[in-house]
There are 2 protein chains.
Amino acid sequence: MRNLHHPRVDELTLPDVLHALSDPVRLQIVRTLAEREEMSCSSVEASVSKSTLSHHFKVLREAGVTHTRVNGTHRLVSLRLDELEERFPGLLEPVLEASRAESRRAAAA
Amino acid sequence: MRNLHHPRVDELTLPDVLHALSDPVRLQIVRTLAEREEMSCSSVEASVSKSTLSHHFKVLREAGVTHTRVNGTHRLVSLRLDELEERFPGLLEPVLEASRAESRRAAAA
DNA sequence: TCGAAGCTTCGGCATCCGTCGAACCTCTCA
DNA sequence: TGAGAGGTTCGACGGATGCCGAAGCTTCGA
């Protein structure tokens with residue numbers, strides 16, 4: 001895959017972004033991403049197959065939540081923090097915080 | 001329908017809430033609700049049928065975003081603002097703001 | 001140059017979602 | 001008490017979604 005499609009910041013829509021964030025696996029990815037700046041697809045710990053993970057990365061990228069760049073044999077994924085903040089101010093942080101809280105909750109249970 | 005089910009605040013989950021907010025029609029409902037405190041189901045201007053609207057109200061209610069009380073022949077729906085804020089601090093306001101901006105955008109186009 | 005690492009794509013499957021119209025329920029009021 | 005207003009439920013339909021394993025594509029390194 002040569003050309004990775006990334007929507008422009010003015011093409012992002014709220015429903016698409018919220019939908020991208022409404023899946024537990026994707027939320028986990030985003031949470032991890034928020035702690036690491038940039039990461040390869042394979043460094044997510046999720047209980048789904050490689051192809052499913054790839055699918056989730058695609059959904060996040062096409063909704064405009066993440067950016068993916070190719071580096072040798074692997075892809076490096078990062079959050080489009082600044083652009084998200086520009087287009088939907090204040091949106092991501094509470095989601096991340098709530099997601100962390102929910103993850104702690106699950107760990108405690 | 002006698003017993004409307006409303007999840008307790010500690011039963012709300014982030015994916016459910018985000019999913020409930022990821023549909024344009026539901027976003028419009030929530031936006032309207034944010035301006036009016038309480039409203040009846042029929043006072044939404046949406047280009048979908050009555051049954052579809054009813055479905056969307058149900059999704060919002062079951063995700064914990066709204067509260068519905070019966071008053072005579074109609075239902076009065078309101079946002080569960082305080083509880084949402086308690087469970088997911090800071091989440092709703094940016095969503096509302098982004099949704100308003102998107103709606104203005106659409107109106108300008 | 002060939003093998004392996006790292007992803008994506010494909011095909012398929014079961015489930016969910018948004019949508020509609022028709023039928024139904026319940027409360028109010030004439 | 002019966003008609004109507006305001007919603008919900010039902011059944012159906014087409015399309016999207018999440019999931020998987022197998023196969024394919026690229027790039028690096030031996």
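We use all heavy atoms of the structure for the numbers below, so side chains are in, but hydrogens, waters and symmetry mates are not. Numbered from 1 within each chain, the chains take letters A, B, ... in sequence-line order.
Using a distance-only test at 3.5 Å, with no hydrogens or angles considered, no donor-acceptor pair links the side chain of A:Glu62 to the main chain of A:Pro7. A donor-acceptor pair under 3.5 Å links the side-chain atoms of A:Arg87 to the main chain of A:Val9, judged by distance alone. A:Glu38 places no side-chain N or O within donor-acceptor distance of the main-chain N or O of A:Leu33, the cut-off being under 3.5 Å.
At a non-hydrogen distance threshold of 4.0 Å, B:Ser40, B:Cys41, B:Ser42, B:Lys50, B:Ser51 from residues 25-53 of chain B come into contact with DNA chain D.
D:dA5 atom P lies 17 Å from atom CZ of B:Arg75, rounded to whole Å. In this structure, B:Asp16 places its CG atom 13 Å from C1' of C:dC16, rounding to the nearest Å. Here the C1' atom of nucleotide D:dA16 and the CD atom of A:Glu62 are 13 Å apart, to the nearest Å. A straight line from NZ of B:Lys58 to C1' of D:dG7 spans 13 Å, rounded to a whole angstrom. Between B:Phe57 atom CZ and D:dT9 atom P the separation is 14 Å, expressed in whole Å. Distance, A:Arg61 CZ to C:dT9 C1': 12 Å, rounded to whole Å. Residue A:His74 contributes atom NE2, which lies 14 Å from atom C1' of D:dG29 at whole-angstrom precision. Separating the CG atom of A:Leu76 from the P atom of D:dT27 is a distance of 15 Å, rounded to the nearest angstrom.
Taking 4.5 Å as the limit, every side-chain heavy atom of A:His67 sits out of range of all side-chain heavy atoms of A:Val77. Side chains of A:Leu27 and A:Val95 form a contact here, defined as non-hydrogen atoms less than 4.5 Å apart.
Atoms OG1 and CD1, on A:Thr66 and A:Ile29 in that order, are 8.5 Å from each other to the nearest 0.5 Å.
Applying the 4.0 Å criterion to OP1 and OP2 of D:dA16, one finds that A:His19 has every side-chain N and O outside that range. A:His55 has no side-chain polar atom (N or O) that falls below the 4.0 Å cut-off from OP1 or OP2 of C:dC7. A sub-4.0 Å separation between OP1 or OP2 of C:dC27 and a side-chain N or O of B:Thr73 is absent.
Between A:Gly72 and B:Ser54, the residue whose closest nucleotide on DNA chain D is further toward the 5' end is B:Ser54.
Residue pairs satisfying the salt bridge (charged side-chain N to carboxylate O under 4.0 Å, His left out) criterion with at least one member in residues 8-30 of chain B, sequence neighbours excluded, are listed as follows: B:Arg8-B:Asp10, B:Arg8-B:Glu11.
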